[in-house]
Amino acid sequence: MKQKKHFTRKKQKYGKSKSQGAAFLFLLPSFAGSAVFLIVPFGDVVRRSFTEAVSGAFVGLANYRAIFTNRAFLLAMKNTLRFLAVCIPLLVVISLALAVILKKQSRFSRLCKTSFLLPMALPVACVVLLWKALFSGQGLINGWLSYIGIPGLDYMNTNAAFWVLMISYLWRNVGYDMVLWMAGLSGIPESLYEAARVDGAGEWRCFVSITLPNLLPSLSTITILSLLNAFKVFREAYLTAGDYPHESIYLIQHLFNNWYRDLSLDKMAAAAVVNCAGILVLVLLLLASWGKEDME
């Protein structure tokens, strides 16, 4: 009997190790690709952040001190953080509100989802042409304003450029986030709402007590994806306003582009490490806060 148990335990252990080996082999190509194209290059960037660009001599923290006393770096970081702090909460709230509304209007949800996703499918060049047609000094908006006697404004060369960039980001990404919210909403059992309504709960109470708690896993995914998509808005800003746009929309990507053109690779490497570390800390804090909420 003991021998049989020992044989069974050994067989289970062998089967488990075999399945782990198969899983490792399955993941090996992806890990190798990530190592070659992401981990190893980023490790080289970290190394370069402590060296001088031309000679390669070790300079310690000199590059980090240089970027934190650089006015362009501080301006770009301030604008990028401001953009993220304003746009991501707005995008999350607006897309959630649209998803809740469309879930109740099931007859039109498919058509609305398609129409909201169209801006994301548009090429960047089309979006830039739309920007220029609407917001340039001789654009449509200024034409309408002058028609009613209001003086026009060159939006892309004033502080209004930030709000134009914000509108473009929301317009292009709200449909994508809305579809993700609707996927989360579809996973909430309808029986929970029925039981709450029987107990006398209204729509707002159902939303606060049932919908929001069940959407926390979707919230983490959507917020992180919105954060990553926010860095893609540089393409529109660059094609519209060039290397040196109005200072309200001078983002960290503008800085990297200009430093790369000037071959300031040492400062660029230090700024990239700081930027990556900031994003990593932000994502970890978000995941930690949502993890505590799930445990509670």
Side-chain angles (χ1 to χ4, degrees), residues 23 27 30 80-122 127 130 162-233 236 278-296:
L27 293 174
S30 298
T80 302
L81 291 174
R82 179 191 177 200
F83 183 81
L84 296 176
V86 172
C87 290
I88 292 180
L90 277 176
L91 178 63
V92 169
V93 171
I94 293 172
S95 58
L96 175 59
L98 290 172
V100 172
I101 293 170
L102 286 181
K103 187 174 184 295
K104 294 180 179 179
Q105 304 294 330
S106 56
R107 262 197 309 180
F108 306 103
S109 62
R110 183 173 296 181
L111 177 63
C112 291
K113 279 193 291 187
T114 304
S115 61
F116 275 108
L117 283 172
L118 281 176
M120 179 164 273
L122 289 175
V127 178
L130 179 63
F162 176 83
W163 304 107
V164 174
L165 190 66
M166 183 193 74
I167 292 170
S168 175
Y169 169 73
L170 295 175
W171 175 65
R172 280 178 67 84
N173 290 279
V174 70
Y176 178 68
D177 283 13
M178 183 189 70
V179 171
L180 295 178
W181 280 126
M182 293 188 74
L185 288 169
S186 64
I188 302 175
E190 192 63 32
S191 58
L192 295 177
Y193 294 102
E194 293 174 357
R197 293 188 186 102
V198 169
D199 291 336
E203 291 296 326
W204 176 250
R205 187 64 184 173
C206 289
F207 178 76
V208 172
S209 300
I210 299 175
T211 305
L212 286 181
N214 282 279
L215 286 178
L216 283 179
S218 300
L219 175 62
S220 61
T221 303
I222 292 169
T223 304
I224 292 172
L225 288 175
S226 300
L227 173 66
L228 298 178
N229 286 332
F231 288 96
K232 298 179 182 178
V233 80
E236 290 92 331
I279 294 174
L280 179 62
V281 168
L282 180 60
V283 170
L284 291 177
L285 287 175
L286 291 173
L287 291 177
S289 63
W290 287 317
K292 288 180 181 178
E293 290 177 3
D294 290 340
M295 291 177 64
E296 292 173 358

Next on the checklist: Between S95 (side chain only) and V92 (backbone N and O only), is there a donor and an acceptor less than 3.5 Å apart?
Outcome noted: yes

Checklist outcome for this item: CG (L216) and OG1 (T221) are apart, to the nearest 0.5 Å, by 11.0 Å

Checklist entry - Does OH in Y176 sit with more than 12 non-hydrogen atoms of other residues, nucleotides or ligands closer than 6.0 Å? => result no

Item to check | Nearest-0.5 Å distance, OH of residue Y169 to CG of residue L84 | outcome: 7.5 Å

Checklist entry - In this structure, which one of L96, N173, N229, T223 forms a side chain to side chain contact (heavy atoms under 4.5 Å, CB included) with L91? => result N173

Checklist entry - Between CD1 of I279 and CG of L284, what distance do you get to the nearest 0.5 Å? => result 12.0 Å

Next on the checklist: Does R197, at its CZ atom, have more than 12 non-hydrogen atoms belonging to other residues, nucleotides or ligands within less than 6.0 Å?
Outcome noted: yes

Item to check | Spatial distance of atom OG (S226) from atom CG (L90) [nearest 0.5 Å] | outcome: 11.5 Å

Item to check | For V208 against P213, the heavy-atom pair lying closest together | outcome: O-CD, 3.2 Å

Checklist outcome for this item: Those residues at least two apart in sequence (or on a different chain) that pass side chain to side chain contact (heavy atoms under 4.5 Å, CB included) with S218 are W181, L215, I222

Next on the checklist: Testing the basics here: between M166 and C87, what is the closest heavy-atom pair and its distance to 0.1 Å?
Outcome noted: CG-SG, 3.2 Å

Checklist outcome for this item: Those residues at least two apart in sequence (or on a different chain) that pass side chain to side chain contact (heavy atoms under 4.5 Å, CB included) with L192 are I188, P189, I210, N214

